[in-house]
Amino acid sequence: MDNVKTIYKKSEGLSDFNLSYCPGCTHGIIHKLVAETLVELDVLDRSIGISSVGCSALNYDFFSCDMVQAAHGRAPAVATGIKRVKPNTIIFTYQGDGDLASIGIAEAIHAAHRSENITIVFVNNAIYGMTGGQMAPTTLIGQKTTTSQGGRDAHIHGLPLRISEMMATIPGATYIERVSVHNPQHVQKAKKALKKAFTIQKENKGFTLIEFISTCPVNWGLTPKDAIDWAVENMIPYYPLGVYKDKTVGEES
Amino acid sequence: MDNVKTIYKKSEGLSDFNLSYCPGCTHGIIHKLVAETLVELDVLDRSIGISSVGCSALNYDFFSCDMVQAAHGRAPAVATGIKRVKPNTIIFTYQGDGDLASIGIAEAIHAAHRSENITIVFVNNAIYGMTGGQMAPTTLIGQKTTTSQGGRDAHIHGLPLRISEMMATIPGATYIERVSVHNPQHVQKAKKALKKAFTIQKENKGFTLIEFISTCPVNWGLTPKDAIDWAVENMIPYYPLGVYKDKTVGEES
Amino acid sequence: MAKVLMKGNEAMALAAIYAGCEAFYGYPITPQNELPEYLSKHMALHGKAFVQSESEVAAINMVYGAAGAGARVMTSSSSPGIALKQEGITYIAGAELPAVIINVMRGGPGLGGIQPSQGDYKQITRGGGNGDYYLYSLAPESLQEAVDLIKESFDIADYFRNPVMIAVDGLIGQMMEPVDFDREVPKWDLLPKTWAADGNPQGREKNIINSLYLDPLVLEQHNLKLKAKYDEMRKNHQRYELINMKDADIVIVAYGSVARIARTAVEMLTEKGVKCGILKPITIFPYPDQAFAELPDSVRNLLVVEMSTGQMLDDVKIANEGKLPIHFYGRVGGVVPEAEEIVQAVLKIVGGENNG
Amino acid sequence: MAKVLMKGNEAMALAAIYAGCEAFYGYPITPQNELPEYLSKHMALHGKAFVQSESEVAAINMVYGAAGAGARVMTSSSSPGIALKQEGITYIAGAELPAVIINVMRGGPGLGGIQPSQGDYKQITRGGGNGDYYLYSLAPESLQEAVDLIKESFDIADYFRNPVMIAVDGLIGQMMEPVDFDREVPKWDLLPKTWAADGNPQGREKNIINSLYLDPLVLEQHNLKLKAKYDEMRKNHQRYELINMKDADIVIVAYGSVARIARTAVEMLTEKGVKCGILKPITIFPYPDQAFAELPDSVRNLLVVEMSTGQMLDDVKIANEGKLPIHFYGRVGGVVPEAEEIVQAVLKIVGGENNG
Amino acid sequence: MINEKVIIAGFGGQGVMLMGQLLSYAATEKKINTLWFPSYGPETRGGTANCSVTISDSYVNSPVISTPDSIIIMNKPSLAKFQPKLKAGGHLFLNTSLVTDVECREDVIVHEIPANEIAAELGNVKVSNMVVLGAYLAITKLFTEEEVLDILKKKFTGSKANLIEVNRKALEAGRKAVL
Amino acid sequence: MINEKVIIAGFGGQGVMLMGQLLSYAATEKKINTLWFPSYGPETRGGTANCSVTISDSYVNSPVISTPDSIIIMNKPSLAKFQPKLKAGGHLFLNTSLVTDVECREDVIVHEIPANEIAAELGNVKVSNMVVLGAYLAITKLFTEEEVLDILKKKFTGSKANLIEVNRKALEAGRKAVL
Amino acid sequence: MAKGRIIIDIDRCKGCALCTNYCPVHILKLDDEHTNSRGYTPLMVTDPDKCIACAFCAIMCPDSVITVEKFIKEVNNG
Amino acid sequence: MAKGRIIIDIDRCKGCALCTNYCPVHILKLDDEHTNSRGYTPLMVTDPDKCIACAFCAIMCPDSVITVEKFIKEVNNG
Ligand SMILES: Cc1ncc(C[n+]2csc(CCOP(=O)(O)OP(=O)(O)O)c2C)c(N)n1
Ligand SMILES: Cc1ncc(C[n+]2csc(CCOP(=O)(O)OP(=O)(O)O)c2C)c(N)n1
Ligand code: SF4
Ligand code: SF4
Ligand code: SF4
Ligand code: SF4
Ligand code: SF4
Ligand code: SF4
Ligand SMILES: [Mg+2]
Ligand SMILES: [Mg+2]
């Protein structure tokens, strides 16, 4: 008979809780990647995750490391507060686009500005999922939400913010990349990005942010797969994937 | 005898109050430019200025148009609140680097993000003047302040934020320029920039921000002239002057 | 007009439009989201301003701006969002600007929960921000009352040049009830807003909107002026309802949806032969201490019922001046008391026990 | 050690270092700037953390983080800055985290002024944020008392797992006085912080720092647990001082620097043959109602003196239970009452007039 | 005198909120007092949802229904949650397509409606809620099926107008299931 | 028994804050109670500055001095502000270099010190404050000049150490101006 | 013939069907006949023999429902 | 010979000396002999005849102290 080798299973970086996300929501994929990365870098037992306010607010139950639930938008400040007193920990925040790009943009920018040695996992699903589908700063032009019922209109609502591009201009930031999880290949790429970010943090090289293009099937009103296709067709063109800042480049070469 | 022509006098955009600034502080020069611009564009009598919190907090007394004193960092939100109900007014905020770059960065970014049709006068003097010389996000590396008494240290405090560069990445912003007032030539250039910004606003073309390199002789511990020289030698190299964003360019050509 | 069935949040939104609200600035938070969602569509239809701000902090400062420019302006939020607005609220009060703030309360402290609560009583009635100021605070129990009070609240805010807080909870926000939007509400005598910084100085001096007074003697005068306003509210603008008070043996003190639940409890108690009245504050600031003076001599006990651990107790103690025994029954954290529980709490007292 | 002459803000900073403060996060605001300035230098010298945050909002959330990680942590600010921190403070209380918050009060509301004030009494004692929580709040009158209380406050915060507020005003912040840093202060029995999310789970389950409880019944239990804590504070941890109380005819109720000024007034009154005592709350939450029970029978009147329009009056009314006539004298907006004014206010009453 | 308190409970997605709203709209149309109150919050996403409806000639006091006159139970977990509250002698409407193998109280009147099956027969399993509503109306006689359909007609306009017919049939089928 | 309350007032930049602090430091050194309280805020920048110092054997109560025993007036506007508060029979120290053409109360003891001139003669107009302080010490006999200089020595170290001498001379000159 | 197999933690599955779109050999679908304990229609494998143990399904499953095992041929003397 | 003149609003002057650095003909200095009503040493012109009315001083003065007037030669028949 054949021997059997387990090549994929639930990460031990995740607890046994059932994720509270809607069926097919890519939040779950991103959770797996974070968990796997912490395990593979062997830092899980000195990691502290900061839950923010959004659909992921409850993820303090989902990761198996120490967790802190932060006020809406303030996760990077909470992370700073911890990292400065516990410099040997590995700290990540997990923030949605409402949380980071809207109410919490100041805290994100200033964590980068101060070169805080933390990693931000930024989940951009172009909408406020938790509160029922309001417009986010990253909502695309024409996209219908409960507070842009006629579709986002540049004249009334302005043009969507590009966070990775903006944060890349901050002198204090070390590594910023935008990734997507729309197919297995990109999931692997995204994990590589996370690994790079957490490695930089492990080596005390400063601030890292990985932006994930994510979906919200429920509030977009699409099936999970259609939501992924919509993200590929509409979000990625406006939010191109790639490395926006890498201060370690000169170093390495 | 000769005829006499007044070629320079106090702008009628300024009230009769004595400015509360320390002797030789370039805040005063910037005030004159704003006042002159409003008069020259013939919009003074429909202008509303938003004082922020900083040495310029009291400038609600100094401009001769309607004025609103805003909470620390929130001037762009206050401006938004007004402009949306009084679209025919000309609105400017007058904000220091503590006010805008630190506590108020979210409001500045989101006013730009929404393409609010307002003008931000951003006065970067690399320090908190009003409160007695604490470190600002724009304080230069090595610069001594009351909260960076050994000089700003990149490892502890991060690298200074470049606001114009950062805000230029915001898709909703129309015009962003950095200017200086260190000599009469640059004062004139700065005024041209302000005129461009207010003209854009007049024409409802969106968000404009003019960043001024300014001095704080008192908290820098320098004479007014030495302070200006210090700004030229130290600030301008890190904060290069120039236009960072101009969405009207395509239009005009 | 016929009554229309509407969700509380939407009815409150529409009431603001009826009141001539010119701008709404707010940030999403459960359980009040339907309010901004409704306005995001309908304000534009009426040519009015709607901005979903980047945060509650920005929202309240946008309100400050629009109010300072003389516009009728409103924001809404829920408990932690209101906490974030405290600095902005004290500025609005300090600069004497009229504005309407709706707080659809949820369980706290902190992020807490999202179910109905009255846990912001202190935050609302004591002003959560710095300095000596108060919000004229109205606590309706039904959608009709909410709509009527909101329609009037813009007048009240303008009259006093002071923010008005509408204190409701998730029950009011989420329930549907038939509402008549055409009911007459009191009209207040309002002066033109000659003080507004609206960028239109035709024939007037420049206007300044400000709360900064570096000279302490000037700031003291300003504070005394504000105090006179609050004293006037206290003296002449308390609102309350005394229900079933005739020969009452015990009186339930409750506001908002709890008062409503208490009505059912009183019906049940009446069946049991217990004479129970309700003292329902409608203004929670100014607190209706005048109502306590009107209680009949028959009253032997007060029972305060709240969806909190007893935040209104302070005000009841002050109003009661040590006269009647005060008991308390509360549910907290999003738990809504049922009428039976209140009945039991009353029976415990009229049976002689004190569970306060 | 010999006494050292220090500025209040710096003395309070140093006291925190003595107490083993491991991190300070704050944002500049007058009149407390010397406090962070001092720490910006000295925390680093002690290998401790200092961050000038981007805002008060960030500062209080940094405090939340460090406190959750088990560190002794402090922030300081002044009135409008404290208003901005309200959301963060309710989170800290909700998540049951120990932290010390210094409020060097200035005139309000809004931006107000920068001169000494007690205008944040409501904001401090009623919790400016959402939900049912309180801050253990200490109001020293001198630098020595401030230093002693701050040294102890970190223990108190750890003991209750609750934020402690040090309520002082610009006078305390700006004055210089000789202080002895080596005075013994009470030590509290503290348990190890096994609950901390410090990323060091050696042999323990993961820890979670949180204030969110979506299930109302669970959140209710959480609230009742908090309430038990506040009840314990109220019952066993009131602090106050009764001064010159023997045969007192009238008692001044005053806290913080006003109590200090009242001491001079009492000396002057004694010379005039007026028997005047002082009831000085040291904790303003829990409010020392026990002190009122200890007043001698000779007392005929209470005079509340504050640097506000009368924010402590509510608590005095509650503690007094309608027994003695309550009078009030206040200065506000940054005006500091002089001893003579208090003397006059007392004389007016003992002469028979009620200016309350 | 009308004074009906009903709790309607099921999975999110079964249309329990709409059932309750239809009753309140119908009451409003007839100028009868009514109050509809939903469970709300993130838990409605995956889990159960319910709403309470009071319909009364007099002012509706408590929005919280402690002792409902009727309960409509669309799934199993809801039965456990709400059956104990039902007043003695009250009506229990059960969607027996999903609520199987359960014990019901003896002191209440149970109406069993295999709503999913009936709806499936009608060609649209989504109208199982209307089937149960039909049964409820037939028993309580609060409103006629027409009155409820009139409300639906106002809601379903445009492309949705063709749904009216299947809803009519569902109400009818529900009635037949209990009468 | 010592119980001295003094208010020191002048322009920002004249060193009035330092004068008061020196008194408080000297008191602390001698284990005498003291309290120094400054005017503060943005207005100190251009305008006037003042501080109140209490030195007392017993606990200092009010930080606010309503009736000072002495006032030291370094510029004109300060005289108008503080003269009315001075206790009857109290000491009024006037920097007559800047405070000219004024009326002083009859019921107080006025000490006139042309401090700027004296300081200029000493070669450093900045020590005008120390000149007046010398006069104040000479009259009140609170501390010896040495005691004050000892404090200064602790403050002026390194490159500033050479300033001690001119300060010593200033104190001395101030003494001579009033004795 | 199967190169491996997947193990489905049925009760964690939310029936979102996401995984089914990424199986290169098209052997995944929702099992309409069943409802799991949380009320969802869970995943099933139509033709286990075809599984190539690529783990694409598992990688894309947001809820870590799928474990993938690879069969490793023992080098035997057969 | 002066091409113009400046008028100094003495009591607004804060004596910062900034303007003095920008006068191309070096005719500006602080008037050490005087103190204005606000206690500052105000600006003075040392040699008014040299003023070329360039307005540099006025442009650089933060406090709008300086008014600049240009003398315009009348075209006369001289
Ligand atoms: C101060 C405050 N404001 C608002 C809210 C309400 N709120 C909860 S989640 C959320 C939006 C979250 O959106 P996002 O960050 O994009 O996360 P997603 O749910 O889309 O993953 C908001 C506004 C809150 N809890 N606290
Ligand atoms: C909420 C709040 N935080 C802090 C302050 C105190 N404060 C007043 S001015 C100021 C800094 C201003 O610096 P900047 O914006 O650079 O202006 P400048 O004085 O340098 O012109 C601060 C922190 C305040 N008034 N309000
Ligand atoms: S609401 Fe949207 S983002 Fe939130 S869990 Fe559901 S699908 Fe995901
Ligand atoms: S403190 Fe600095 S910025 Fe402020 S007025 Fe003085 S010199 Fe100008
Ligand atoms: S492992 Fe690959 S082949 Fe096997 S079921 Fe999953 S996706 Fe299909
Ligand atoms: S992706 Fe996961 S949750 Fe979704 S159907 Fe497949 S196994 Fe089930
Ligand atoms: S106008 Fe020109 S030349 Fe005349 S004083 Fe001014 S700077 Fe000098
Ligand atoms: S005129 Fe203006 S620039 Fe010149 S010294 Fe006076 S204030 Fe300064
Ligand atoms: Mg989102
Ligand atoms: Mg600055």
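Numbers restart at 1 for each chain; the letters A, B, ... are given by sequence-line order, proteins then strands.
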Step-by-step side-chain contact (heavy atoms from CB on, under 4.5 Å) determination, Phe37(F) to Met176(D): CA-CA 6 Å; Phe37(F) 185 72; Met176(D) 293 178 94; over 6 Å; no
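At a 4.5 Å heavy-atom cutoff, Glu341(D) makes no contact with chain F through either its backbone or its side chain. Heavy-atom distances place both the backbone and the side chain of Gln21(F) under 4.5 Å from chain D.
Using a distance-only test at 3.5 Å, with no hydrogens or angles considered, no donor-acceptor pair links the side chain of Gln174(D) to the main chain of Trp36(F). Here the side chain of Tyr40(F) pairs a donor or acceptor atom with the backbone of Ile114(D) at under 3.5 angstrom. Arg260(D) contributes a side-chain N or O that, together with a main-chain N or O of Asn61(F), makes up a donor-acceptor pair within less than 3.5 Å. Under a 3.5 Å cut-off, the side chain of Thr28(F) and the backbone N or O of Leu5(D) do not form any donor-acceptor pair.
Once rounded to the nearest 0.5 Å, the distance linking OG of Ser39(F) with CD of Gln115(D) reads 8.0 Å. The NZ atom of Lys3(D) sits 12.0 Å away from atom CD1 of Ile32(F), with the distance rounded to the nearest 0.5 Å.
Your options are Gly113(D), Gly8(D), Pro116(D), Pro337(D), and the one with the most heavy-atom pairs under 4.5 Å with chain F is Pro116(D). Interface check for chain D: of the options Ile65(F), Val60(F), Asn33(F), the most heavy-atom pairs under 4.5 Å are formed by Val60(F).
Scanning all heavy atoms of the two residues, the minimum distance from Ser62(F) to Thr264(D) falls at N-OG1, 3.0 Å.
A 6.0 Å sphere centred on NZ of Lys7(D) holds more than 12 heavy atoms belonging to other residues, nucleotides or ligands. For Lys272(D), the NZ atom sits in a loose shell: 12 or fewer heavy atoms of surrounding residues, nucleotides or ligands are nearer than 6.0 Å.
The pair Glu338(D)-Lys85(F) counts as a salt bridge, with a side-chain nitrogen and a carboxylate oxygen less than 4.0 angstrom apart.
Side-chain contact check for Ser66(F) versus Glu340(D): some heavy-atom pair is nearer than 4.5 Å.
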